[in-house]
Amino acid sequence: MAGDRSPTARALTALELIQDSPGITAERLAERLGVSERAARRYVAILREAEIPIDSVRGPYGGYRVGRGLRPPPVVFTAAEALALVMAALDGHHDADDVGTPVGSALGKVVRSLPESVAAPVRAVRHGTAPAPGPDALRPDPATAAALVQARAAHRRVRLAYRSENGNAWEAVVDPWAVVVRHGRWYLLCYSHGAQARRAFRVDRIGGVEPQAETFSLPAGLDPVAELEAHLAQGWEFEVVVEVRAPAHRARAWLPPDLGRLEAVDGSSCRLVGTTSNPYWIAERLAAVPVPIRVVGGPELHATVRSLGRHMLAATEAPPRLRSPGST
């Protein structure tokens, strides 16, 4: 343990160790705290002075245990722990910021119990995100998420390092408009000055965030979730153009906005237009469309759809018959 920690902090750590390891000896407690046995006993005495029942049993099977009637100890989190708790709640609860719900109320109590130096970035993440929850969560580094949300709250432009799914890496200077939690994945909705266009980046693929001197203004009436849905299929490496034998309003049931934009061709057909960094992901979803489709744009998507089709056809073929011993 760090030598500059206060006696109160060490006493609380001692309580945590005793709770986690009932029967822990003074020798072992001192070793875990990085202090002498005499100091470890002093921290136990501090807990008892605070009316926390710490029982001690002598003998080879003795040690310290928490007695009955323990009141809840103070809530003590590191900044990383507090951020991770809020991020986990946002992953699974769209009402995490609603103080009228149990989740929102509980989070409010946790945040109010934190020191201001820890609570400030936690509040920024909690109030600065727009969650749209779902499965398959991929939680990013809490420090990265906090840096983006704090930059958004300060309307501060940032330079970020990014890598795509296929490993391409680049840097971008962006205005961070919002951090959106969508189906368990964290996205940065922003304006990219290099591309001079709106972009959506996965926060778990952002390797670094460097605040810049310049500031920015948010677009009037910005709806982060709706904007993300409209832009998830833009700005990636590979083209997607697919004709669909159904009107656009029907095709939307099978082809959500994150796959691309649906354009009406006539009253009975439409066209899916977009881009992707993962043609196989698009091909999988096209396979589930229950009406005739045709890939007309994007050589990578065309090859991937053909490969997936061959794979599925092979799954329906009978396995080759094994020859019996002695046959010719």
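- Residue Y187 is grouped with residue V225 when hydrophobic side chains (ILVMFWY) are merged at heavy-atom distances under 4.5 angstrom, including chains of intermediate members.
- Residue pairs meeting the side-chain hydrogen bond (donor to acceptor under 3.5 Å, both in side chains) criterion with at least one member in residues 212-228, sequence neighbours excluded, are R198-E227, E227-H231.
- A donor-acceptor pair is defined here as one N or O able to donate and one able to accept, closer than 3.5 Å; no such pair exists between the side chain of R152 and the backbone of P176.
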Fill in: Criterion side-chain contact (heavy atoms from CB on, under 4.5 Å) on R252 and L262, from CA distance to verdict
CA-CA 8 Å; R252 181 58 66 204; L262 284 176; 3.5 Å; yes

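- We find the NE2-CZ distance between H193 and R199 to be 12.5 Å, quoted to the nearest 0.5 Å.
- The side-chain heavy atoms of Y64 and V44, taken from C-beta on, include a pair separated by under 4.5 Å.
- In terms of heavy-atom proximity, P224 sits nearest to L189 at O-CD2, 3.7 Å.
- In this structure, I24 is a member of the same hydrophobic cluster as L47, with clusters built from ILVMFWY side-chain heavy atoms closer than 4.5 Å.
- Counted within 6.0 Å of CZ on R156, heavy atoms from surrounding residues, nucleotides or ligands total more than 12; the atom is thus considered enclosed.
- Looking at every heavy atom in both residues, R65 comes nearest to G23 through CG-N, 3.5 Å.
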Worksheet item: Between L222 and W177, is a side-chain contact (heavy atoms from CB on, under 4.5 Å) present by the stated rule, with each step listed?
Response: CA-CA 9 Å; L222 177 69; W177 287 350; 3.9 Å; yes

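- Taking CG of N168 as the start and OG of S277 as the end, the distance is 9.5 Å to the nearest 0.5 Å.
- L29 contributes atom CG, which lies 9.5 Å from atom CD of E37 (distance to the nearest 0.5 angstrom).
- One finds a salt bridge joining D175 and R157 here, because a Lys/Arg side-chain nitrogen approaches an Asp/Glu carboxylate oxygen to under 4.0 Å.
- One hydrophobic cluster, built from ILVMFWY side chains closer than 4.5 Å, cannot hold both L160 and V173; they sit in different ones.
- Proximity of a side-chain donor or acceptor of S21 to a complementary backbone N or O of I18 within less than 3.5 Å is not detected.
- Atom CG of residue L15 and atom CD1 of residue I52 lie 5.0 Å apart, to the nearest 0.5 angstrom.
- The structure places CZ of R250 at 10.5 Å from OG of S268, a figure rounded to the nearest 0.5 Å.
- Counting heavy atoms from C-beta outward, Y162 and W170 have side chains that approach closer than 4.5 Å.
- Of all the heavy atoms in P247 and G267, the pair that sits closest is CB-O, 3.6 Å.
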Going by atom type alone, with no hydrogens or angles, which donor-acceptor pairs under 3.5 Å involve a side-chain atom of residues 278-307 and a protein atom two or more places apart or on another chain?
{"from": "N278", "atom 1": "OD1", "to": "Y280", "atom 2": "N", "distance (Å)": "3.2"}
{"from": "N278", "atom 1": "OD1", "to": "W281", "atom 2": "N", "distance (Å)": "3.2"}
{"from": "N278", "atom 1": "ND2", "to": "E165", "atom 2": "OE1", "distance (Å)": "3.4"}
{"from": "N278", "atom 1": "ND2", "to": "E165", "atom 2": "OE2", "distance (Å)": "3.1"}
{"from": "R285", "atom 1": "NH1", "to": "W281", "atom 2": "O", "distance (Å)": "3.0"}
{"from": "R294", "atom 1": "NH2", "to": "E243", "atom 2": "OE1", "distance (Å)": "3.1"}
{"from": "T304", "atom 1": "OG1", "to": "E300", "atom 2": "O", "distance (Å)": "2.8"}

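- V174 is listed as a side-chain neighbour of V158, based on a closest heavy-atom distance under 4.5 Å.
- Applying the side chain to side chain contact (heavy atoms under 4.5 Å, CB included) rule to A39 yields the partners V35, S36, R42, Y43; only residues at least two apart in sequence or on another chain are considered.
- Residues F216 and F201 do not share a hydrophobic cluster, clusters being chains of Ile/Leu/Val/Met/Phe/Trp/Tyr side chains in contact below 4.5 Å.
- Considering only heavy atoms from C-beta on, F238 stays 4.5 Å or farther from T275 through its side chain.
- Under the 4.5 Å side-chain contact rule for hydrophobic residues, Y191 and V180 do not share a cluster.
- The distance from atom CZ of R41 to atom CZ of R38, rounded to the nearest 0.5 Å, is 10.5 Å.
- For the pair T144 and P140, the minimum side-chain heavy-atom distance is 4.5 Å or more.
- Considering only heavy atoms from C-beta on, I54 comes within 4.5 Å of V66 through its side chain.
- Considering only heavy atoms from C-beta on, E237 comes within 4.5 Å of S164 through its side chain.
- Side-chain contact between V244 and R271 is absent, with no heavy atoms from C-beta onward closer than 4.5 Å.
- Heavy-atom minimum distance, V179 versus L188: CG2-CD1, 4.3 Å.
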